[in-house]
**Student:** 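Take this structure first; my questions come after.
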Amino acid sequence: MAVSSPRRVLGLQLADGIGRGNMWAFLFLAFTSTMVISFLPAAQPYVLKGVLGVAEDDTGKIVGLLGSAAEIAMIASLAWYGALADRFGRRPIVVIGFTLCALGAGLFPFAGNTGVLVALRVVFALGVAALNGMLSTLAIDYVRDRSRGKSYGLVGLFSGLGAMVAVLALVRLPQALEEGGAEPVTAARLSFLLVAAAVLGVAVLMWFTLSAARVSESAARVPLTRLVREGVTLARDPGVALSYAAAFVARADLAVVAGFLSLWITDYATREHGMSAAEALARAGAVVGVAQTVAMLGAPLFGWLGDRMRRQDVLILAQVVAAVSYLSTLLVDDPLGAGMMPVAVLVGLGEIAAITTAGPLLAERVPAAVRGSAYGVQTLCGAVGILVVSSLGGALYDSWRPAAPFVISGVCGLLVVAFGLAVRRRIAPPAAEREDEPATAH
């Protein structure tokens, strides 16, 4: 239940009714949700090569297929998750999200063919949709307006820590088990089951530590279809439209780093250096870990900027950084060479810049009663972005070059920059800070 709380946690001014325990639970949610969301895409190449024995020439297409199927599932569910969260609170949606992720991840390496693999990836994606939507919403619900930039910065910091644990520790579990004497298939299955069990434990913890309050009791009486429709209608505001467009790119960036960067390195390591699938995955984890470390360190910077600049301006700046970063992958020929590390640094900075700036702009444009629906639609836009980049990028990965998904993300980022420059002067300052809004729904 909601409790009275001290005014600050890590410099954040808490919303009324949010306790310190609720805020720490949310930050742990940011850590663990990103950890599990990053784990499965990063570990996919190991399952494809070590368990299913997929031919190297087909891995890009299959990763693209898995990403596309996942995003279709997310597109079908995201707006509804937001409306359900406005109706029933955020906390049940978080628990559902973790449960579905655990189910999809735990069974993933037991798939006997690509069709079953796609089905399990869809289950996992439905969980990811719930977690992504609630993570964005809670980052706003739990704090007052003047702390919302910093809130997203801290979410980025804790999310970066979670991603680092995923790519530096969790993806190494199969290799560690193999070194302990397990067969590759057994190592993969046991690793995924251990991760799934931990995720279920987190779901239980979230039920007892997140706030159970609702942002608006009136939302409980509004039909779900109307809540969804209101989230879409809000895009008439140019600031909301810009936030939705930025989310299209930001979520695609995250998917590219989690999935295609790992695939690029593991493919190259096994083909050019003769490494085993487990060894290649460990090398990929090191490079992705550099990107996520930079993302983690850069998150507070963009959060700080978000509370000191006009939020549309910091969003445009972030999209410029992201576009340049992703296009820099065109300079890489050897992903295991020294030249990959500066690019990984840029990619990590671009990834977190895009992710941490879209949410605060949306928060100042929408009322609390439909905030869940608005963030559901925003995350839906991100899912469409991932679908476009995963399907087109997966095809071009095999037929053109491994940097193709990054190039597509960079070009999309430049389009958002152009749109932002066109509408930035039409985005009026918010009428007033919503400091007296009731606290969150969870």
Side-chain angles (χ1 to χ4, degrees), residues 29-30 32-45 47-48 52 61-85 92-111 113-137 159 162-163 166 170-171 192 195-196 199-200 202-203 228 247-248 250-260 262-263 355 375-394 405:
L29 165 65
T32 51
S33 63
T34 307
M35 182 175 64
V36 67
I37 289 169
S38 300
F39 166 72
L40 192 144
Q44 271 181 179
V47 175
L48 295 177
L52 291 182
K61 293 184 181 68
I62 292 180
V63 168
L65 172 64
L66 292 173
S68 298
E71 297 318 310
I72 290 171
M74 292 179 71
I75 288 168
S77 64
L78 276 165
W80 294 103
Y81 275 136
L84 287 168
I93 308 303
V94 170
V95 172
I96 289 170
F98 275 120
T99 302
L100 290 172
C101 282
L103 180 62
L107 296 178
F108 198 73
F110 290 89
N113 53 60
T114 304
V116 176
L117 206 63
V118 169
L120 292 172
R121 190 70 172 84
V122 166
V123 171
F124 185 82
L126 292 173
V128 171
L131 294 177
N132 277 341
M134 294 307 97
L135 192 62
S136 298
T137 308
S159 295
L170 295 187
V171 298
F192 277 69
V195 171
V199 171
L200 286 176
V202 172
V228 173
F248 177 97
R251 294 295 177 183
D253 289 353
L254 183 62
V256 163
V257 174
F260 284 102
S262 179
L263 177 63
I355 291 171
Y375 277 93
V377 174
Q378 186 195 55
T379 311
L380 169 64
C381 293
V384 175
I386 296 174
L387 176 61
V388 171
V389 172
S390 294
S391 55
L392 183 56

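Every heavy atom of this structure was used, including side-chain atoms; hydrogens, water molecules and symmetry mates were not. We're numbering straight along the sequence, starting at 1.
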**Student:** Tell me the closest heavy-atom pair linking L40 and A105, and the distance in Å.
**Tutor:**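 Residues L40 and A105, closest heavy atoms: CD1-CA, 3.9 Å.
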**Student:** Going through the checks in order, is the side chain to side chain contact (heavy atoms under 4.5 Å, CB included) test met by L65 and T114?
**Tutor:** CA-CA 10 Å; L65 172 64; T114 304; 4.1 Å; yes
**Student:** Is the shortest heavy-atom distance from the side chain of V199 to the side chain of T32 under 4.5 Å?
**Tutor:**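 Side chain of V199 against side chain of T32, heavy atoms only: no contact under 4.5 Å found.
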**Student:** Over all heavy atoms of both residues, which pair between F39 and A166 is shortest? Give the atoms and the distance, please.
**Tutor:**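 That closest heavy-atom pairing would be N-CB, 3.9 Å.
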**Student:** Would you say I93 and T137 make side-chain contact, with heavy atoms under 4.5 Å?
**Tutor:**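 No, too far: nothing below the 4.5 Å cut-off.
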**Student:** Taking Y81 for its side chain and L131 for its backbone only, find out whether a donor-acceptor pair lies under 3.5 Å.
**Tutor:**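 No: the side chain of Y81 does not pair with the backbone of L131.
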**Student:** To check you understand the geometry: which heavy-atom pair defines the closest contact between A196 and A102, and what is its length?
**Tutor:**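 Smallest interatomic distance, heavy atoms only, reads CB-O, 3.3 Å.
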**Student:** Within the structure provided, determine whether T99 and V95 are in side-chain contact (heavy-atom separation under 4.5 Å).
**Tutor:**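 Yes; the side chains approach each other to less than 4.5 Å.
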**Student:** Mind checking what makes side chain to side chain contact (heavy atoms under 4.5 Å, CB included) contact with F248, not counting sequence neighbours?
**Tutor:**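 Here the qualifying residues are V384, V388, C412.
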**Student:** Going by the side chain to side chain donor-acceptor pair (under 3.5 Å) test, which pairs reach into residues 121-130, not counting sequence neighbours?
**Tutor:**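 Side chain to side chain donor-acceptor pair (under 3.5 Å) check on residues 121-130 returns Q44-R121.
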**Student:** Nearest 0.5 angstrom please: I96 CD1 to L126 CG, how far?
**Tutor:**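 The CD1 atom of I96 sits 11.0 Å away from the CG atom of L126.
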**Student:** So F192 and F108, would you call those rings parallel, tilted or perpendicular, with 30° and 60° as cut-offs?
**Tutor:**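 Ring orientation, 0 to 90° scale: parallel.
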**Student:** Compare all side-chain heavy atoms of F110 with those of L120 and state whether any distance is below 4.5 angstrom.
**Tutor:**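 No - every pair of side-chain heavy atoms lies 4.5 Å or more apart.
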**Student:** Looking at V47 and P109, what are the two nearest heavy atoms and their distance?
**Tutor:**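 So the two residues come closest at CG1-CA, 4.3 Å.
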**Student:** Which heavy atom of A73 sits nearest a heavy atom of A125, and at what distance?
**Tutor:**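 Where A73 meets A125 most closely, the heavy atoms are CB-CB, 4.5 Å.
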**Student:** Which pair of non-hydrogen atoms, one from C101 and one from F124, has the smallest distance, and what is that distance?
**Tutor:**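 Heavy atoms only, the tightest pair is O-CD1, 3.4 Å.
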